[in-house]
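The structure appears right after this line, and notes come after that.
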Number of protein chains: 2
Amino acid sequence: MSKASSSSPSRIELVATDRRLTDSNMKPATRGTKEHAPANSQASQLDHGPLGERLGYILRRAQLAIFEDFIAACDRFDIRPGQYSVLTVIEQNPGFSQTKVAEALGIKKTNFVAMVDAFENRGLVRRAAMPGDRRSYALFLTDAGKALMRKLHRVAEQHEQRIIDRIGPLMHKRMFSALAAIAGMSGDTKQDD
Amino acid sequence: MSKASSSSPSRIELVATDRRLTDSNMKPATRGTKEHAPANSQASQLDHGPLGERLGYILRRAQLAIFEDFIAACDRFDIRPGQYSVLTVIEQNPGFSQTKVAEALGIKKTNFVAMVDAFENRGLVRRAAMPGDRRSYALFLTDAGKALMRKLHRVAEQHEQRIIDRIGPLMHKRMFSALAAIAGMSGDTKQDD
DNA sequence: TTTCAATCGTTATGTTGGATAACCGTTATA
DNA sequence: TATAACGGTTATCCAACATAACGATTGAAA
């Protein structure tokens, strides 16, 4: 076997979703290691074993699902989650420099350039002269940008409500502190160069 | 302004981390829209506004932090989160085909090829002939693969304990159901071609 | 049994989020 | 005033993930 060898090693990040298979020709050799999870006839396909006990695993899956929902919701505005976060920070902090805004979101300033370019080309963000420092730009939302944000915030709230409907307002509220605590695991910080 | 124009539009996904700035030349123009969050002198830099109320936002940040911790923990084994999940599923379901395993994890079979190649080259996984079907391969962990998994599972458990230490066993337990519910938002499924 | 559709693994290729290195103009500091 | 630090930018590179298409094989229909 192994006609393989391929080209690049290529790592895949995890990704996961449930799927059922109505197959018949299953369990070719269910011997070897096997002691975890219960049955898996036609429910959720293969046995994920201890993965179901790894918070990081389901956290990742949940994050993907949430993004998928948000992406779909913002699709008609051609806005992605990361873009929404950038516009929101600019909206909340008008006049700050690219570096500051990028840092606030953990985005490398080098990758932030193209983002701002796109926003500027779409007439959503304005790069103004930073008074007192000719090196930096002061970022502002244009009127069009502000108008878009009003719509986006509404969409985001509906999106949030969809989540609340799933887990209940209490759990929704509780999650924040827990997730915030987890987010602080890596001692935070980890920005630009 | 806008010497910009750059090359590719390039979207950035979100990413975020807190950072503090001890600057002095701040608040260039804190007028415009501004009504959310409180002070942000030197604490957590800029105001994230409503982002702090978006579960998806902190969920994403938490997921990144968890992965960072797990990645660091598995670094000496040269294993990434996605690889751990693949090996785990193969371990739990020996003898299944590439397509089945890939599907179980939401990985496109096309991208799965290189992954299995890498595992095979490292002597962790074996592609065996699938009895009764010369099209597919039956995947198995080699002895080396099983040995590695024993170590990885231990590392993963320690990693999990680190999370529990942060949010407490009760919250840790509660999170699973909530996250599972969220993960099911997109009606699950969303695999291969 | 011949034919055609579906499957499995594979290659080639494109896209996006994200990381590094290096550079220029500007500002701050020794 | 020399020099280090900073802000924005470009050029690159990598990893995760997606699509199209193909050969070999198998299954189902005629």
Side-chain angles (χ1 to χ4, degrees), chain A residues 1-17 21 23-25 60 64 67-68 71 80-83 85-86 96-103 105-118 120 127 129-130 132-139 190-193, chain B residues 1-17 21 23-25 60 64 67-68 71 80-83 85-86 96-103 105-118 120 127 129-130 132-139 190-193:
Chain A
M1 55 226 60
S2 84
K3 179 193 292 139
S5 76
S6 79
S7 42
S8 56
S10 159
R11 262 85 173 265
I12 289 189
E13 220 23 88
L14 163 353
V15 188
T17 326
L21 70 175
D23 282 31
S24 41
N25 60 315
R60 166 70 170 161
L64 286 177
F67 265 47
E68 198 176 305
I71 289 170
R80 307 264 309 172
Q83 295 180 309
S85 70
V86 168
F96 276 79
S97 71
Q98 286 188 198
T99 296
K100 289 284 182 293
V101 173
E103 260 180 11
L105 292 163
I107 300 173
K108 302 275 174 188
K109 63 179 183 179
T110 64
N111 295 323
F112 195 56
V113 177
M115 285 190 88
V116 179
D117 284 351
E120 208 178 31
R127 272 193 253 235
M130 178 74 86
D133 193 334
R134 283 178 297 175
R135 286 174 303 182
S136 42
Y137 290 132
L139 299 180
K190 193 263 297 272
Q191 321 291 152
D192 241 5
D193 9 350
Chain B
M1 57 219 61
S2 84
K3 177 192 292 137
S5 79
S6 77
S7 42
S8 57
S10 161
R11 265 83 174 268
I12 291 189
E13 218 25 85
L14 163 354
V15 188
T17 326
L21 69 177
D23 282 30
S24 41
N25 59 316
R60 166 68 169 163
L64 286 176
F67 265 46
E68 197 176 307
I71 289 171
R80 306 265 308 172
Q83 295 180 309
S85 69
V86 168
F96 277 80
S97 70
Q98 287 189 196
T99 296
K100 288 285 182 291
V101 174
E103 260 180 11
L105 292 163
I107 299 173
K108 303 275 174 190
K109 64 178 182 180
T110 65
N111 296 321
F112 196 57
V113 177
M115 284 191 87
V116 179
D117 283 351
E120 206 178 33
R127 272 192 254 234
M130 179 73 86
D133 192 336
R134 281 178 298 175
R135 289 173 300 181
S136 43
Y137 291 133
L139 299 180
K190 195 259 300 262
Q191 321 293 153
D192 239 3
D193 5 25

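Numbers restart at 1 for each chain; the letters A, B, ... are given by sequence-line order, proteins then strands.
- With sequence neighbours left out, Arg134(B) forms a side-chain hydrogen bond (donor to acceptor under 3.5 Å, both in side chains) with no residue at all.
- Following rounding to the nearest Å, Met130(A) (CE) and dT26(C) (P) show an atom-to-atom distance of 16 Å.
- Atom-to-atom, CZ of Arg135(A) to P of dG7(D) comes out at 6 Å; the value is rounded to the nearest Å.
- Residues Leu64(A) and Glu68(A) are not in side-chain contact: their nearest non-hydrogen atoms beyond the backbone lie 4.5 Å or more apart.
- Here the C1' atom of nucleotide dG9(C) and the NZ atom of Lys100(B) are 13 Å apart, to the nearest Å.
- Between the C1' atom of dC8(C) and the CZ atom of Phe96(B) lies a distance of 16 Å, rounded to the nearest Å.
- Closest to the Thr110(A) side chain, of the nucleotides dT9(D), dC6(D), dT25(D), is dT9(D).
- Of all nucleotides listed (dT27(C), dT7(C), dG9(C)), dG9(C) comes nearest to the side chain of Ser97(B).
- Between Gln98(B) and dT10(C) there is a side-chain N or O to OP1 or OP2 distance below 4.0 Å.
- For Tyr137(B), counting side-chain heavy atoms from C-beta on, the closest listed nucleotide (dG25(C), dT10(D), dG9(C)) is dG9(C).
- Between the CD1 atom of Ile71(B) and the P atom of dA15(D) there is a distance of 12 Å, rounded to whole Å.
- A straight line from CG of Asp133(A) to P of dA5(D) spans 17 Å, rounded to a whole angstrom.
- Contact check, Arg80(A) against dT16(C): no side-chain N or O comes under 4.0 Å of OP1 or OP2.
- Atom NZ of Lys108(A) is separated from atom C1' of dT9(D) by 16 Å (rounded to the nearest Å).
- Applying the 4.0 Å criterion to OP1 and OP2 of dC6(D), one finds that Thr99(A) has every side-chain N and O outside that range.
- The side chain of Arg134(B) places no N or O atom within less than 4.0 Å of a non-bridging phosphate oxygen (OP1 or OP2) of dA24(D).
- You'll find that the side chain of Asn111(B) is closest to dA18(D), out of dG25(C), dA18(D), dT10(D).
- Rounded to whole Å, atom C1' of dC6(D) lies 17 Å from atom CZ of Phe112(A).
- Contact of the Val113(B) side chain with the Lys109(B) side chain is not registered, since no non-hydrogen atoms from C-beta on lie closer than 4.5 Å.
- Between the side chain of Lys109(A) and the base of dG8(D) there is at least one donor-acceptor pair of N/O atoms closer than 3.5 Å.
- Side chains of Met115(A) and Gln83(A) form a contact here, defined as non-hydrogen atoms less than 4.5 Å apart.
- A 4.5 Å side-chain heavy-atom check between Arg60(B) and Arg60(A) finds at least one atom pair inside the cut-off.
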